[in-house]
Novice: 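Questions regarding the structure given below will be posed in turn.
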Number of protein chains: 2
Amino acid sequence: MNKTNALSAFAALSQETRLDTLVLLVKAGSDGVAAGDLARHLGIRHNLMSQHLNVLSQAGLIHSERQGRSIIYRVSFSALRGLSTFLLSECCQGLPEIVGGLEDSTLSLKGAP
Amino acid sequence: MNKTNALSAFAALSQETRLDTLVLLVKAGSDGVAAGDLARHLGIRHNLMSQHLNVLSQAGLIHSERQGRSIIYRVSFSALRGLSTFLLSECCQGLPEIVGGLEDSTLSLKGAP
DNA sequence: TTATTATGTCAATGATTCGTGATATATTGA
DNA sequence: TCAATATATCACGAATCATTGACATAATAA
């Protein structure tokens, strides 16, 4: 994840519908979610959904795969990991004042059932 | 850091000059940097710099303080920490596939001289 | 094949954003 | 006080973005 990728990713996540979409896809995990289901969940039209999905795709944050007449979208774990690393290492420079102890606040989630 | 704050922060960081500005301010730490020095460093006009600084301020990512005729800008450690937590916990849901082992890649920086 | 379902693409429009030029405010020094 | 320095604000045009409506494509079912 270089600066250009990160800029695209930040831009993609700066829009509420797209941020909501990403969270839905993260929660769905490797199952993924069909484009239509995403649109229904978010209460937006299918063509607008399609365009937002395209932005997230271009940013490399999600991938898609056709399954029958549906198209299943899945989050890219590696891209999200890359973005997280970029934020912590490049932006925050790994400063303890910022990232120190961050592990704990995320570990609490990781341990939850 | 709630969703609205995070959206503003992502928007602020989706522009190259502003991302560069934030990194400069993180590197400067609690010393901060004067607005004019930032503009000179980044090779942009002072009024454009001022507007970008305003966007970062509105997003809560930086603060300013007048010092003589200069205005010193400093990064908000807590805001950056909040944004990092939001990304890891809310967006990535603390999934091990994404955030597992992230500590190590940032710790390596923290330890560097 | 025809109809239906699921999704994508294109063009248009209003809203927002980026960068510039001109002007205004605050601080310091002569 | 007057001039210089440092920064902010305002107004403008160009560019980009979000949303809509209309049309296109792909897969399945009748």
Side-chain angles (χ1 to χ4, degrees), chain A residues 3-25 28 31-76, chain B residues 3-25 28 31-76:
Chain A
K3 189 165 82 170
T4 306
N5 299 142
L7 286 169
S8 303
F10 285 140
L13 298 185
S14 69
Q15 206 279 337
E16 184 164 20
T17 299
R18 290 194 296 259
L19 183 58
D20 291 344
T21 300
L22 190 90
V23 173
L24 281 176
L25 290 179
D31 290 345
V33 183
D37 291 340
L38 285 170
R40 240 163 281 129
H41 250 272
L42 297 167
I44 62 172
R45 291 160 204 268
H46 75 278
N47 55 346
L48 180 54
M49 185 77 252
S50 185
Q51 288 182 126
H52 282 312
L53 287 168
N54 197 41
V55 173
L56 288 165
S57 275
Q58 297 282 344
L61 293 170
I62 63 174
H63 296 122
S64 62
E65 177 203 4
R66 181 173 279 277
Q67 218 165 82
R69 44 185 147 188
S70 295
I71 294 183
I72 306 294
Y73 283 87
R74 292 188 185 82
V75 74
S76 164
Chain B
K3 190 166 83 170
T4 306
N5 299 143
L7 286 168
S8 303
F10 285 140
L13 298 184
S14 69
Q15 206 279 338
E16 185 165 20
T17 300
R18 290 195 295 258
L19 184 57
D20 291 344
T21 301
L22 191 89
V23 172
L24 281 176
L25 290 180
D31 290 345
V33 184
D37 291 341
L38 286 169
R40 240 164 280 129
H41 251 271
L42 297 167
I44 63 171
R45 291 160 203 268
H46 71 278
N47 56 346
L48 181 53
M49 185 76 253
S50 186
Q51 288 181 126
H52 282 313
L53 287 169
N54 197 40
V55 174
L56 288 165
S57 276
Q58 296 281 345
L61 293 169
I62 63 175
H63 296 121
S64 62
E65 176 202 5
R66 181 173 279 277
Q67 216 164 84
R69 45 185 145 190
S70 295
I71 293 184
I72 306 296
Y73 282 87
R74 292 187 184 84
V75 73
S76 164

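Both backbone and side-chain heavy atoms feed into the values below; hydrogens, waters and symmetry mates do not.
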Novice: Under 4.0 Å between a side-chain N or O of Y73(A) and OP1 or OP2 of dA6(C)?
Specialist: no

Novice: Quick test of your reading: applying side-chain hydrogen bond (donor to acceptor under 3.5 Å, both in side chains), list the pairs with at least one residue in residues 13-23 of chain A, sequence neighbours left out, ordered by first then second residue.
Specialist: E16(A)-K3(B), R18(A)-H52(A), D20(A)-K3(B)

Novice: Roughly how far, to the nearest 0.5 Å, is CG of L7(B) from CG of L13(A)?
Specialist: 9.0 Å

Novice: Is the closest side-chain heavy-atom distance between M49(B) and L42(B) below 4.5 Å?
Specialist: yes

Novice: Distance check needed: dA8(D) C1' versus L38(B) CG, whole Å only.
Specialist: 15 Å

Novice: What is the nucleic acid contact for A34(B), judged by heavy atoms within less than 4.0 Å: base, sugar-phosphate only, or nothing?
Specialist: sugar-phosphate

Novice: Can you tell me the distance, in whole Å, between the CZ atom of R45(A) and the C1' atom of dA6(C)?
Specialist: 17 Å

Novice: Is the phosphate of dT27(C) approached by S70(B) (side-chain N or O, under 4.0 Å from OP1 or OP2)?
Specialist: no

Novice: Rounded to the nearest angstrom, tell me the gap between atom CD1 in I72(A) and atom P in dT7(C).
Specialist: 8 Å

Novice: Answer with yes or no whether N47(B) presents, from its side chain, a donor or acceptor under 3.5 Å of a partner atom in the base of dG19(C).
Specialist: no

Novice: Let me confirm one number: the CG-CG distance from L61(A) to L53(A), rounded to the nearest 0.5 Å.
Specialist: 11.5 Å

Novice: So how far is it from H46(A) NE2 to Q51(A) CD, rounded to the nearest 0.5 Å?
Specialist: 10.0 Å

Novice: Would you mind reading off the distance between L7(B) atom CG and dT16(C) atom C1', rounded to a whole angstrom?
Specialist: 15 Å

Novice: Heavy atom of residues 12-21 of chain A under 4.0 Å from DNA chain C: which residues?
Specialist: none

Novice: Quick check on contacts: within residues 48-69 of chain B, what sits under 4.0 Å from DNA chain C by heavy-atom distance?
Specialist: L48(B), Q51(B), H52(B), R66(B), G68(B), R69(B)

Novice: Please check if the side chain of R74(B) supplies one atom and the backbone of S76(B) the other of a donor-acceptor pair under 3.5 Å.
Specialist: no

Novice: Whole angstrom is fine here: how far is it from CD1 in I71(B) over to P in dT28(C)?
Specialist: 12 Å

Novice: Could you tell me the separation between the CG atom of D37(B) and the P atom of dT5(D), rounded to a whole number of Å?
Specialist: 15 Å

Novice: Is there a donor-acceptor contact under 3.5 Å from the side chain of S8(A) to the main chain of T4(A)?
Specialist: yes

Novice: Identify the residue among Q67(B), R66(B), H63(B) that makes a side chain to side chain contact (heavy atoms under 4.5 Å, CB included) with I72(B).
Specialist: Q67(B)

Novice: Ignoring hydrogens, what is the shortest heavy-atom contact between L38(B) and Y73(B)? Give both atom names and the distance.
Specialist: CD1-CB, 4.4 Å

Novice: So which nucleotide from dG21(D), dT7(C), dT7(D) ends up closest to the side chain of A35(B)?
Specialist: dT7(D)

